[in-house]
Every structure is written in C-alpha cells, then in structure tokens.
Student: 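Take this structure, written in structure tokens, and hold onto it; I'll ask about it next.
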Amino acid sequence: MGAGNDIGYEEMMVSLYDMAVKATANAYAPFSGFRVGAALLAESGRVYSGVNVENSSYGATICAERTAFVKAISEGERRFVAIAIAADAEEPTESLPCGICRQFMYEFAPDIYVITGKDRDHLNVRKLEELLPLGFVLDKQEV
Ligand code: THU
C-alpha cells in the first residue's frame, strides 16, 4: 500500500469496529439474544468477520472471535494485527472476549490489538497480553 493510501491508526481501529458491528447482523444467537460480531485484521491486509453461533446444546456454542480466527487460519493466515469485537444487545455493551477466546487468540497473536467498546465513539484498544497475562503456550514444531 502506498503512503497516499495509508489510513491513520485511529481511523483503522474505528473502521475495524464498524465491520464488527456490521457482522453482528449474521450472528446466530436465538438463545441469549446477545449478538456478537468480530472483525479480524490479518497481516496480509485481509479482514475476516466472525459471529457467535449458538447451539441447542449450549456448550457447543462458538464465540464470534473464534469464528473469525478459524476462518482466517483455515484460509492460511497465521499472523494478525488487530481484532474488533462488537455486540448488538438490548443495552449498548462493551463485549470483552471470554477466557476461552483469550487463550485461543493467544496461540496465534499474543500481541494482537483488541478493540472493544459500547459504540464507535467509546473504543478501548488493549493488547491481548494485557487481557491475558502469562497465557499458556507449548513449544511449536511448525507454524
Ligand atoms: N460470546 C461471544 O461471541 N464472544 C465472547 O467473547 C463472549 C460471549 C457469545 C457467546 C454466546 O453466544 C453469547 O455471547 C452469550 O454468552
């Protein structure tokens, strides 16, 4: 991308959050009514959306963050820059990633930026390492 096309850091975070909001339309959340969308920016520049996919057997539910990661990983992505998460709930809510998602993301991107907020004017940007200090990792044989 040439310098002329570069968008600012803040603009990029807000635009990723907007994509997460848009993704909430596809959430499958008939049990909780808590619709979550995620937008994951890979180092390649591609953005992968994700939504929560609930199940009648509640424990089989998949969160929006993991959906986005699984989509990206299965397309060959391994390196990530930022993930935005948004919820469409009754009250404006800052939807923080659950513990399972934190560990799941830590596997691939301990230093990823996590963008959350109750709306686009109240965003928080944190590093995953702040949300999950000392996450678990095994030595890797391949990447
Ligand atoms: N949920 C997510 O999609 N991401 C999270 O990090 C927290 C929870 C979903 C799971 C479930 O469908 C709904 O929110 C209520 O827990």
Side-chain angles (χ1 to χ4, degrees), residues 1 5-143:
M1 206 192 292
N5 292 326
D6 283 350
I7 63 167
Y9 169 87
E10 208 164 304
E11 212 179 319
M12 192 267 278
M13 300 289 169
V14 176
S15 117
L16 210 54
Y17 183 83
D18 288 343
M19 289 185 233
V21 170
K22 204 170 166 197
T24 62
N26 291 328
Y28 178 74
F31 305 107
S32 71
F34 192 79
R35 308 169 66 83
V36 186
L40 171 62
L41 175 63
E43 268 191 17
S44 65
R46 283 189 64 181
V47 175
Y48 297 84
S49 66
V51 298
N52 53 333
V53 183
E54 297 187 344
N55 193 277
S56 293
S57 177
Y58 292 179
T61 292
I62 304 171
C63 293
E65 298 88 322
R66 275 178 287 146
T67 302
F69 263 86
V70 167
K71 283 171 68 178
I73 296 292
S74 58
E75 292 300 318
E77 303 284 2
R78 291 293 185 273
R79 299 171 70 84
F80 302 96
V81 180
I83 184 167
I85 305 152
D88 177 9
E90 276 181 25
E91 294 280 311
T93 308
E94 178 181 23
S95 192
L96 288 160
C98 78
I100 297 173
C101 287
R102 292 179 197 201
Q103 174 61 33
F104 193 93
M105 296 191 286
Y106 195 92
E107 175 74 21
F108 300 99
D111 61 349
I112 195 171
Y113 289 103
V114 179
I115 304 154
T116 58
K118 68 182 169 71
D119 59 51
R120 75 198 302 279
D121 297 321
H122 298 87
L123 295 187
N124 292 305
V125 181
R126 303 178 179 96
K127 284 264 184 145
L128 178 58
E129 275 164 332
E130 190 186 335
L131 298 174
L132 182 67
L134 303 176
F136 178 71
V137 271
L138 286 176
D139 286 344
K140 292 174 185 160
Q141 292 176 6
E142 58 172 291
V143 180

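Just so you know, ligand 1 is whichever comes first in the structure, and atom 1 is the first atom listed for that ligand.
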Student: If you draw a 6.0 Å radius around CG in L96, do more than 12 non-hydrogen atoms from other residues or ligands fall strictly inside?
Tutor: yes
Student: Can you name the side chain to side chain contact (heavy atoms under 4.5 Å, CB included) partners of S32, sequence neighbours left out?
Tutor: A29, F34, E54
Student: Quick one: side chain to side chain contact (heavy atoms under 4.5 Å, CB included) partners of Q103, sequence neighbours excluded?
Tutor: L132, F136
Student: Select all protein residues for which some heavy-atom-to-ligand 1 distance is less than 4.0 Å, and list them by chain and number.
Tutor: S32, F34, V36, N52, E54, T61, C63, A64, E65, L96, P97, C98
Student: Angle between ring planes, Y28 versus F31, binned at 30° and 60°: parallel, tilted or perpendicular?
Tutor: perpendicular
Student: Of all residues at least two apart in sequence or in a different chain, which pass the salt bridge (Lys or Arg N to Asp or Glu O under 4.0 Å) check with E43?
Tutor: R79
Student: Would you confirm whether Y17, through its side chain, and L123, through its main-chain N or O, come within 3.5 Å as a donor-acceptor pair?
Tutor: no
